[in-house]
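Data block below; observations after.
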Amino acid sequence: MTDDGLTPLRLDVTKPEEVAAAAAAAGDVTIVINNAGVGGFSTKLLSGAFDGAREAMEINYFGTWAVARAFAPILARNGGGALVNMLSAASWAARPEYPGYAASKAAQWSLTGALREGLREQGTLVIGVHAGFVETDLASFVAAPKTDAADVAEQTMEALANDRVEVLADERTRQIKNALSQPLEQ
């Protein structure tokens, strides 16, 4: 499906010059979707190098922040618009199998809340989209049930249309979010 009114931009969110170029090319943007992500699964909890965790933090957290900074003034000029950050159920669930990824998503969730507060005055809707495993390359190694990417996109568009700040894309994500208010288990 193509739409003459949409222009997807590919960029490396860790390269400031590419982020700036994307912002310069999209002066009419009203919706920005931060969907860059990496697993950083090579970093294990008690062994191995921190390289994977650093990469996850650089892309998932700092990359989201860089794109938000670059596009916030453009969104403001264009009436507010929306900033959508693709998060994860791992934002709330510490995972010893992939601690770097989970930590980067927890940081990204915190950043999303800060952006929501910081961009409210300019009229920008900031949406956090949380999902468990989604049928994408990032989750290709997992044998667990996965949510269809089109379903996550549809739920995100519904949130945009209804000014909702959060999408909980699947039952497992809703369970994890609900468990946040429960006492910690031993």
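Sequential numbering from 1 along the given sequence is applied to the chain's residues.
Side-chain atoms of Thr124 do not come within 3.5 Å of backbone N or O of Gly81 as any donor-acceptor pair. Listed for the Lys105 side chain is a donor-acceptor partner under 3.5 Å among the backbone atoms of Met86. Side chain of Arg174 to backbone of Leu168: a donor-acceptor contact under 3.5 angstrom is found. A distance-only check finds a donor-acceptor pair linking the side chain of Asn78 to the backbone of Val29 [under 3.5 Å]. Between the side chain of Thr43 and the backbone N or O of Ala49, at least one donor-acceptor pair lies under 3.5 Å.
Between atom CD1 of residue Ile33 and atom CG of residue Leu160 there is a gap of 7.0 Å, rounded to the nearest 0.5 Å. In this structure, Ile127 CD1 and Asn34 CG are separated by 12.0 Å, a value rounded to the nearest 0.5 Å. Residue Arg95 holds its CZ atom at 11.0 Å from CZ of Phe41, rounded to the nearest 0.5 Å. Atom NE2 of His130 and atom CD of Gln155 lie 12.5 Å apart (nearest 0.5 Å). Separation of atoms CG (Asp148) and CG (Asp170) is listed at 12.0 Å; rounding is to 0.5 Å. In this structure, the separation between CG on Leu83 and CZ on Phe71 is 10.0 Å, given to the nearest 0.5 Å.
No continuous path of hydrophobic side-chain contacts links Leu45 to Phe50 [ILVMFWY only; heavy atoms under 4.5 Å]. Hydrophobic clustering, with ILVMFWY side chains joined whenever heavy atoms are under 4.5 angstrom apart, groups Val67 together with Val126. Cluster membership for Ile74 and Val13, using ILVMFWY side-chain heavy atoms within less than 4.5 angstrom, is shared. Cluster membership for Leu87 and Phe62, using ILVMFWY side-chain heavy atoms within less than 4.5 angstrom, is not shared. Placement of Trp109 and Val38 in two distinct hydrophobic clusters is found when ILVMFWY residues are connected by side-chain heavy-atom separations under 4.5 Å, directly or transitively.
Qualifying side-chain contact (heavy atoms from CB on, under 4.5 Å) partners for Ala106, counting only residues two or more places apart in sequence or in other chains: none. Residues passing the side-chain contact (heavy atoms from CB on, under 4.5 Å) test with Ser42: none are found, sequence neighbours excluded.
Two residues are said to be in side-chain contact when any heavy atoms from C-beta on lie closer than 4.5 Å; Asn60 and Tyr101 meet this criterion. Taking 4.5 Å as the limit, some side-chain heavy atom of Leu125 sits within range of a side-chain heavy atom of Val165. In this structure the side chain of Asn178 never reaches within 4.5 angstrom of the side chain of Gln175, judged on heavy atoms. Using a 4.5 Å heavy-atom cutoff, the side chains of Leu119 and Leu75 are not in contact.
Residues Ala107 and Met57 approach most closely at CB-SD, 4.0 Å, considering heavy atoms. When all heavy atoms are compared, the tightest approach of Gly100 to Ala56 is O-CB, 4.0 Å. Pairing each heavy atom of Glu166 with each of Trp92, the nearest pair is OE2-CZ2, 3.9 Å. Summarising the geometry of Thr173 relative to Gly132, their closest heavy-atom pair is OG1-N, 3.0 Å, with the distance given to 0.1 Å. In terms of heavy-atom proximity, Ala131 sits nearest to Ala169 at CB-CB, 3.8 Å.
By the neighbour-count criterion of 12 heavy atoms within 6.0 Å, atom CZ of Arg116 is densely surrounded, having more than that number from other residues, nucleotides or ligands. Applying the 6.0 Å contact sphere to CD of Glu97 captures more than 12 heavy atoms from other residues, nucleotides or ligands. Around atom CD of Glu171, more than 12 heavy atoms belonging to other residues, nucleotides or ligands sit under 6.0 Å away.
Side chains of Asn85 and Thr64: a donor-acceptor N/O pair is absent below 3.5 angstrom, by distance only.
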Worked verdict on Glu158 versus Arg164 for salt bridge (Lys or Arg N to Asp or Glu O under 4.0 Å): CA-CA 8 Å; Glu158 184 179 308; Arg164 288 195 348 255; 3.5 Å; yes
